[in-house]
Amino acid sequence: MPDTSEDVMSVLTERIEDRFQMPLADLRRAVEAAPQANPEATTLVHWHGLLTETQQALDTAEDALVEALGTQPADVLDDPIMELAHQVNSAVASRDGRAMVVNYLLDPNAPGKRGPGTWRGASPATRRAPALPTSPPTLPSARNTTAHGAAR
């Protein structure tokens with residue numbers, strides 16, 4: 001089975017290094033020294049750190065599962081082994097979610113990053129009018145209905 005964890009981490013690390021034109025360790029030190037200097041770098045370093053922690057948890061969970069599988073007969077999957085398998089699945093989901101966040105942060109053309117006013121919180125000056133003309137809804141006449149809304 002190929003080790004995709006190294007691929008995920010190395011690809012995202014390489015993209016961060018390409019984006020900021022420096023090794024990740026140097027970028028981390030620069031962010032620690034001046035976190036307000038570049039909010040994008042600060043955010044990416046933070047999320048890459050979370051991704052690294054999650055990858056380490058995944059590696060630990062996989063190692064525990066492999067060890068437990070090595071002590072059991074091939075056709076027996078008892079509750080402790082299934083619990084370890086669930087931990088691996090949860091760790092994979094967490095790692096993949098954090099990798100998606102890092103990927104999103106690296107993509108300048110990601111949805112929501114293309115222009116002013118695309119998200120809530122944009123200034124009122126950047127908001128536009130509705131795309132289609134609208135008018136208030138017309139309400140039924142009150143004198144032709146009963147209390148239950150049926151016509152007389």
Side-chain angles (χ1 to χ4, degrees), residues 1-139 149:
M1 178 166 82
D3 185 13
T4 59
S5 65
E6 289 302 316
D7 294 342
V8 170
M9 295 300 295
S10 63
V11 166
L12 290 175
T13 300
E14 184 179 321
R15 287 185 61 204
I16 292 170
E17 291 173 347
D18 288 347
R19 172 72 150 269
F20 294 99
Q21 297 298 304
M22 68 174 60
L24 186 60
D26 293 346
L27 182 61
R28 219 179 258 124
R29 283 190 292 276
V31 164
E32 287 174 6
Q36 305 304 326
N38 188 333
E40 178 186 15
T42 301
T43 302
L44 272 164
V45 165
H46 171 76
W47 277 97
H48 188 273
L50 293 174
L51 176 60
T52 302
E53 289 174 12
T54 306
Q55 182 60 54
Q56 290 168 349
L58 172 58
D59 292 342
T60 301
E62 286 177 331
D63 291 345
L65 177 60
V66 168
E67 184 179 325
L69 287 171
T71 64
Q72 293 286 330
D75 61 342
V76 176
L77 294 177
D78 58 5
D79 288 341
I81 289 180
M82 291 306 295
E83 179 59 35
L84 290 171
H86 289 302
Q87 288 176 7
V88 169
N89 284 339
S90 294
V92 167
S94 295
R95 190 271 319 266
D96 290 352
R98 288 179 177 181
M100 287 173 33
V101 170
V102 171
N103 193 44
Y104 171 81
L105 293 170
L106 286 167
D107 184 0
N109 295 318
K113 292 184 170 183
R114 294 190 197 148
T118 54
W119 292 100
R120 285 179 276 135
S123 70
T126 60
R127 292 186 190 131
R128 297 179 299 167
L132 299 173
T134 60
S135 60
T138 57
L139 300 175

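Everything quoted here is computed from the prediction, not taken from an experiment.
- Contact of the Val102 side chain with the Ile16 side chain is registered, since non-hydrogen atoms from C-beta on lie closer than 4.5 Å.
- Glu17 has its side chain out of reach of Leu27: every pair of non-hydrogen atoms, C-beta onward, lies at least 4.5 Å apart.
- The CG atom of Leu65 lies 11.0 Å from the NE2 atom of His86; values are rounded to the nearest 0.5 Å.
- The CD atom of Gln56 lies 10.0 Å from the CG atom of Leu51; values are rounded to the nearest 0.5 Å.
- For the pair Ala99 and Val8, the tightest heavy-atom approach, listed with the atom from each and the gap, is CB-CG1, 4.0 Å.
- Between atom CH2 of residue Trp47 and atom OG1 of residue Thr54 there is a gap of 9.0 Å, rounded to the nearest 0.5 Å.
- Taken from CZ in Arg98 to CG in Leu50, the straight-line distance is 4.5 Å, to the nearest 0.5 Å.
- Proximity of Leu58 to Gln55: side-chain heavy atoms (C-beta onward) are separated by under 4.5 Å at one or more points.
- The two atoms that bring Ala68 and Leu84 nearest to each other are CB-CD1, 3.5 Å, heavy atoms only.
- Rounded to the nearest 0.5 angstrom, Leu12 CG and Asn103 CG are separated by 6.0 Å.
- A heavy-atom distance below 4.5 Å is not found between the side chains of Leu105 and Glu40.
- From Met82, atom CE reaches atom CG of Asp79 across 8.5 Å, with rounding to the nearest 0.5 Å.
- A salt bridge is absent between Asp18 and Arg15: the closest approach of a Lys/Arg side-chain nitrogen to an acidic carboxylate oxygen does not fall below 4.0 angstrom.
- Atom CD of Gln21 is surrounded by more than 12 heavy atoms from other residues, nucleotides or ligands within 6.0 Å.
- At least one side-chain heavy atom of Arg28 sits under 4.5 Å from a side-chain heavy atom of His48.
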